[in-house]
Amino acid sequence: MATGTEPELNSGGVRTPTRAAIAAPHLRTDRWWLAPATTAAGLLAFIVYSTWRAFANTDYYAAPYVSPFYSPCLAENCEPMRAGPNWEIFGGWWGLSPALLILIFPLGFRLTCYYYRKAYYRGFWASPPACAVAEPHKKYTGETRFPLVLQNIHRYFFYAAILVAGILTYDTVLAFRDEHYEWGHMGLGTLVFLVNIVLIWAYTLSCHSCRHIVGGQLKHFSKHPVRYRMWQWVGKLNARHMLLAWASLVSVALADFYVYLVASGAFDDPRLF
């Protein structure tokens with residue numbers, strides 16, 4: 001622009017001489033802030049709840065249910081769970097909550113997830129807060145510097161998430177027992193666990209990394225019909241990745257909260273048969 005009336009915008013970022021000289025922060029008139037604010041509130045609520053439950057180190061097992069936050073239990077200070085996921089890998093020296101040993105893997109998978117990056121970038125860092133709304137930062141380096149460069153290990157967290165989902169599937173199978181470990185029973189908690197594991201698997205398999213692993217680096221789909229069909233199936237899940245991310249986040253918190261209610265004696269698990 002060479003009209004001689006351009007405002008002086010020298011703050012950097014989108015306010016550089018090479019960008020359009022618009023004095024207004026943005027020209028949107030809709031409630032663009034509502035989506036990032038809701039996202040931030042939802043994620044913050046989960047962070048607060050999961051932090052409390054992770055450090056509580058109590059009321060996470062009520063036969064036959066074990067909280068997904070504490071499975072598998074990798075220290076000796078775990079409550080004994082008959083035929084449950086008791087893997088005393090860390091021995092007796094670990095004195096903190098055993099949940100802190102396992103939560104790093106599912107949380108690492110979600111923190112580096114493509115959708116969650118968008119969610120917390122916009123909700124917490126305002127980078128940018130919405131489309132056509134300038135971010136307040138003077139300089140943008142993307143995910144090329146620490147700590148955001150660590151987002152590139154998402155694929156490796158995907159492998160860990162597959163393992164965790166497999167363990168939670170085992171816990172769901174164990175939920176078909178009663179409090180005396182007899183098989184052939186089903187309670188309300190069993191349904192809670194079933195819904196949770198379905199959503200966990202759906203979210204995990206809808207991951208962008210999973211889609212690339214299944215169908216990436218193929219020059220001719222016609223020569224790989226099985227992988228092509230799998231790629232199509234994962235692609236359909238991937239289209240609902242945001243919905244599955246939120247649904248599984250809520251379901252895993254509800255599964256933990258259900259176990260907490262039963263283990264603390266606040267609620268008796270209704271038996272369906």
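Side chains are part of it too, since the values below use all heavy atoms of this structure and drop only hydrogens, waters and symmetry mates.
Residues Tyr258 and Phe193 place their aromatic rings such that the two centres sit no closer than 6.0 Å. Separation of the Trp125 and His137 ring centroids does not fall under the 6.0 Å cut-off. Ring centroids of Tyr114 and His241 are separated by 6.0 Å or more, keeping the two rings apart. In this structure, the ring of Trp183 has its center no less than 6.0 angstrom from the ring center of Phe176.
Heavy-atom contacts from other residues, nucleotides or ligands closer than 6.0 Å to CZ of Phe221 number more than 12. The 12-atom threshold is not exceeded at CG of Asp268, counting heavy atoms of other residues, nucleotides or ligands nearer than 6.0 Å. Residue Phe267 places its CZ atom among more than 12 non-hydrogen atoms of other residues, nucleotides or ligands, all under 6.0 Å distant. Counting heavy-atom neighbours within 6.0 Å of Tyr181 OH, excluding the residue itself, gives a total above 12.
Contact annotation: the side chain of Tyr70 never approaches that of Glu79 to less than 4.5 Å [non-hydrogen atoms, C-beta and beyond]. A 4.5 Å side-chain heavy-atom check between Leu244 and Ser248 finds every atom pair outside the cut-off. Contact check for Ile162 versus Thr204: side-chain heavy atoms found under the 4.5 Å cut-off. Under the 4.5 Å side-chain criterion, counting only non-hydrogen atoms from C-beta, Met186 is in contact with Leu191. Side-chain contact between Arg117 and Glu143 is present, with heavy atoms from C-beta onward closer than 4.5 Å. Side-chain contact check for Tyr228 versus Lys223: every heavy-atom pair is 4.5 Å or farther apart. Contact annotation: the side chain of Val192 never approaches that of Tyr65 to less than 4.5 Å [non-hydrogen atoms, C-beta and beyond]. At least one side-chain heavy atom of Phe124 sits less than 4.5 Å from a side-chain heavy atom of Leu43.
Across all non-hydrogen atoms, the minimal contact from Ala245 to Tyr115 is CB-CD2, 3.8 Å. The nearest pair of heavy atoms linking Ile200 to Arg110 is CD1-NH2, 3.9 Å. Nearest approach of Ala255 to Pro68, heavy atoms of both residues: CB-CG, 4.0 Å. Between Pro98 and Asn57, the shortest heavy-atom contact is CD-OD1, 3.1 Å. Of all heavy-atom pairs between Leu150 and Thr112, the closest is O-CG2, 4.1 Å. Between Arg177 and Arg82, the closest heavy-atom pair is NH1-O, 3.2 Å.
Here the SG atom belonging to Cys113 is positioned 11.0 Å from the NZ atom belonging to Lys118, to the nearest 0.5 angstrom. Atom-to-atom distance recorded for Tyr121:OH and Thr39:OG1 is 15.0 Å, nearest 0.5 angstrom. Here CG of Asn196 is found 12.5 Å from CH2 of Trp201. Values are rounded to the nearest 0.5 Å. Ile167 CD1 to Ile102 CD1: the interatomic distance, rounded to the nearest 0.5 Å, is 5.5 Å. Between the CG atom in Leu237 and the CG atom in Leu205 there is a gap of 6.5 Å [rounded to 0.5 Å]. The distance from atom CZ of Phe158 to atom CD1 of Ile213, rounded to the nearest 0.5 Å, is 5.0 Å.
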Does the pair Phe105 and Phe157 meet the rule for a ring pair (Phe, Tyr, Trp, His ring centres under 6.0 Å), with working shown? CA-CA 6 Å; Phe105 298 107; Phe157 274 120; 7.1 Å; no
Output, in order, the C-alpha distance, side-chain angles, deciding distance and verdict of ring pair (Phe, Tyr, Trp, His ring centres under 6.0 Å) for Phe69 and Trp52. CA-CA 11 Å; Phe69 288 179; Trp52 165 60; 9.9 Å; no
Any chance you could lay out the side-chain hydrogen bond (donor to acceptor under 3.5 Å, both in side chains) test for Ser71 and Asp171, step after step, and finish with the verdict? CA-CA 8 Å; Ser71 182; Asp171 295 340; 2.4 Å; yes
Could you please spell out the steps behind the side chain to side chain contact (heavy atoms under 4.5 Å, CB included) verdict for Val226 and Trp231? CA-CA 9 Å; Val226 175; Trp231 180 80; over 6 Å; no
Would Phe90 and Glu76 count as a side chain to side chain contact (heavy atoms under 4.5 Å, CB included) here? Give the steps. CA-CA 7 Å; Phe90 284 81; Glu76 287 185 2; over 6 Å; no
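Cluster annotation: Val252 is connected to Leu107 through the hydrophobic network of ILVMFWY side chains, with a link wherever side-chain heavy atoms come within less than 4.5 Å.
Relative to the six-membered ring of Phe109, Arg155 misses at least one condition, a distance below 6.0 Å or an angle of at most 45° to the axis.
Side-chain atoms of Asn86 come within 3.5 Å of backbone atoms of Met81 as a donor-acceptor pair (strictly under, hydrogens ignored). In this structure, the side chain of Arg271 does not engage the main chain of Leu188 through any donor-acceptor pair within 3.5 Å. Side chain of Arg28 to backbone of Cys131: a donor-acceptor contact under 3.5 angstrom is found. Remark: the backbone N or O of Leu44 is not paired with any side-chain donor or acceptor of Tyr49 at under 3.5 angstrom. Using modelled atom types, one side-chain atom of Trp94 and one backbone atom of Ser97 make a donor-acceptor pair closer than 3.5 Å. Within the 3.5 Å criterion, the main-chain N or O of Val262 finds no donor-acceptor partner in the side chain of Asp269. For the pair Arg211 (side chain) and Cys207 (backbone), a donor-acceptor distance under 3.5 Å is absent.
Glu135 has no carboxylate O lying under 4.0 Å from a charged side-chain N of Arg122, or vice versa, which leaves the two without a salt bridge.
Judged as a disulfide (SG to SG under 2.5 Å), and not counting sequence neighbours, the contacts of Cys78 are Cys73.
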